[in-house]
Amino acid sequence: ALVSSRMAANDGEEEATVSLVDVLEEDEELENEASAVLGGSDSEKCSYPEGYVKRQALYACNTCTPKGGEPAGICLACSYKCHEGHDLFELYTKRNFRCDCGNDKFGEMECKLFADKEKVNSGNKYSHNFFGLYCTCDRPYPDPEDEVPDEMIQCIVCEDWFHGRHLGCVVPDCVELQEMICESCMNKTPFLWSYAAHIAGNVVREESEEAEGSSEEGSCAGCRLREMKASGRSRTLQGAVFWLSAWRTKLCTCSNCKVLYTDAGVSFLMDEMDTVLAYENKGKSTMQAEQAGGAEGRDPLMSALNNLNRVQQLEIIHEYNDMKTELKDYLQRFAAEGKVVTPEDIRHFFEQQQSRKRRRANAGQYYCS
């Protein structure tokens with residue numbers, strides 16, 4: 001599943017032995033990130049009436065629109081309500097997209113949440129991601145034929161995902177709050193190379209003896225881009241570029257530069273709220289507000305619980321809380337002894353859980369007879 005600007009790497013040999021700290025921290029981090037992604041989208045209502053949504057969690061249905069057909073994307077709510085049990089590709093988030101569920105790309109199928117849709121959404125942009133393929137290598141993730149441990153990172157312009165080893169540069173160690181633009185997108189927006197020489201995270205600087213002359217790209221007075229070009233500082237024009245936190249605030253917004261962004265189709269770079277981080281923070285804020293107000297929110301688990309009677313709800317909640325408490329107690333013993341948790345240990349825990357559940361069930365049958 002795609003849960004952040006980076007896909008998790010395959011652990012390879014490390015998979016068999018994992019420290020307790022790693023297990024707990026990774027689990028909490030993935031849960032928070034996944035919740036933030038889903039929290040920013042509506043799980044009950046199709047997003048189609050909202051038009052081309054600025055950013056939302058999206059899915060592609062391999063069951064309804066397989067490779068060889070027309071690419072299509074569906075919103076979070078439709079993935080739950082209209083495509084339950086289907087083979088879905090999780091696309092993380094995409095910008096400026098309108099839900100396709102039930103339009104002409106789906107044949108006779110109609111959207112259960114909002115059937116009155118146009119035949120196509122001409123403003124949507126699609127890529128091989130919608131068929132479960134990623135990177136310049138055009139492979140799936142996870143890739144059963146790829147034995148090289150690697151992570152995947154999303155380009156903020158084309159929104160494709162790339163293996164770290166296919167980015168053409170050394171991936172910085174700390175990029176959690178940084179954004180990446182792939183080499184292909186950098187070449188399509190060449191003025192960004194001038195910014196990369198000054199405010200990128202993986203800068204490879206070269207001082208030019210002669211300052212570059214100004215161009216029409218930054219012809220107005222006080223243009224920050226023109227000043228950067230005139231400084232004589234440059235860098236190798238190859239490989240993906242990782243940008244430092246808040247780098248967008250350093251982009252020039254003079255009238256000429258705004259035209260540059262528009263012509264290149266990257267006007268969203270001037271919008272600080274366009275970032276995935278801003279979207280996730282919005283999702284977290286929404287969830288926190290709902291929790292503070294005692295609301296159940298729109299979690300599908302809570303929706304399912306609402307369909308049960310009070311006794312069934314309490315039984316499920318107690319079972320879940322008991323299992324969660326017992327698992328924490330079980331893992332804490334490993335932490336206290338400085339031991340690692342293996343897959344066999346986890347299997348043993350759940351086998352114990354199943355055994356206890358059977359004993360409780362048998363005891364219930366005995367007393368009810």
Check step by step if side-chain contact (heavy atoms from CB on, under 4.5 Å) holds for C101 and H83. CA-CA 9 Å; C101 182; H83 300 267; 3.4 Å; yes
Look up atom [atom1] in [X] and atom [atom2] in [Y], then write down how far apart they are to the nearest 0.5 Å.
X	Y	atom1	atom2	answer
H163	D143	NE2	CG	6.5 Å
T93	Q154	OG1	CD	5.5 Å
D274	M270	CG	CE	11.0 Å
C223	K229	SG	NZ	9.5 Å
C155	I153	SG	CD1	11.0 Å
F114	C75	CZ	SG	11.5 Å

Do [X] and [Y] come within less than 4.5 Å of each other through their side chains, counting heavy atoms only?
X	Y	answer
R226	N256	no
Y279	N281	no
W247	L269	yes
T189	V157	no
L225	L260	yes
E183	V241	no
K81	C46	no
S184	C158	no

Apply the test side-chain hydrogen bond (donor to acceptor under 3.5 Å, both in side chains) to residues H166 and D150: give CA-CA distance (whole Å), side-chain angles for both, the deciding distance (0.1 Å), then the verdict. CA-CA 10 Å; H166 294 158; D150 203 351; 6.0 Å; no
[X] side chain vs [Y] backbone, donor-acceptor pair below 3.5 Å:
X	Y	result
N62	D87	no
R98	N121	no
T236	Q238	no
N96	N124	no
Y195	M228	no

Using only heavy-atom distances, determine whether the side chains of [X] and [Y] contain a donor-acceptor pair under 3.5 Å.
X	Y	result
H86	S79	no
K94	N129	yes
Q56	S41	no

Identify the heavy atoms of [X] and [Y] that sit nearest to each other, and give their distance.
X	Y	answer
P71	F130	CB-CB, 4.0 Å
E272	A278	O-CB, 3.9 Å
F242	P172	CD1-CD, 3.5 Å
T275	E179	CG2-OE2, 3.3 Å
R55	R95	NH2-NH2, 3.2 Å
L38	A57	CD2-CB, 4.5 Å

Checking salt bridge (Lys or Arg N to Asp or Glu O under 4.0 Å) for the pair K45/E50: CA distance, chi angles, key distance, verdict? CA-CA 10 Å; K45 299 177 182 177; E50 300 175 34; over 6 Å; no
Could you see if [X] belongs to whatever hydrophobic cluster contains [Y]? Use Ile, Leu, Val, Met, Phe, Trp, Tyr and a side-chain cutoff under 4.5 Å.
X	Y	value
Y80	V53	no
F268	M273	no
V276	Y141	yes
L91	F97	yes
F131	M152	no

Less than 6.0 angstrom separating the ring centers of Y330 and F349, yes or no?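 Ring centres of F349 and Y330 closer than 6.0 Å.
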When the ring centroid of Y261 is compared with that of F191, is the distance short of 6.0 Å? yes
Sidechain N-carboxylate O distance under 4.0 Å for K117, D100: no
Run the salt-bridge test on R224 and E227 with the 4.0 Å N-O cut-off and return the result as yes or no.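 Looking at R224 and E227, the cut-off is not met.
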Might you work through the side-chain contact (heavy atoms from CB on, under 4.5 Å) test for R248 and I156, ending with a clear yes or no? CA-CA 12 Å; R248 298 190 189 206; I156 65 167; 3.8 Å; yes
Report yes or no: is the cationic atom of K105 (NZ for Lys, CZ for Arg) under 6.0 Å from the centre of the six-membered ring of Y126, at an angle within 45° of the ring normal?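 Verdict for Y126: a cation-pi partner in K105.
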Test side-chain contact (heavy atoms from CB on, under 4.5 Å) applied to K258 and T253, step by step: CA-CA 6 Å; K258 287 181 178 179; T253 56; 4.1 Å; yes
List the steps and the verdict of side-chain contact (heavy atoms from CB on, under 4.5 Å) for Y92 and L58. CA-CA 6 Å; Y92 194 52; L58 284 182; over 6 Å; no
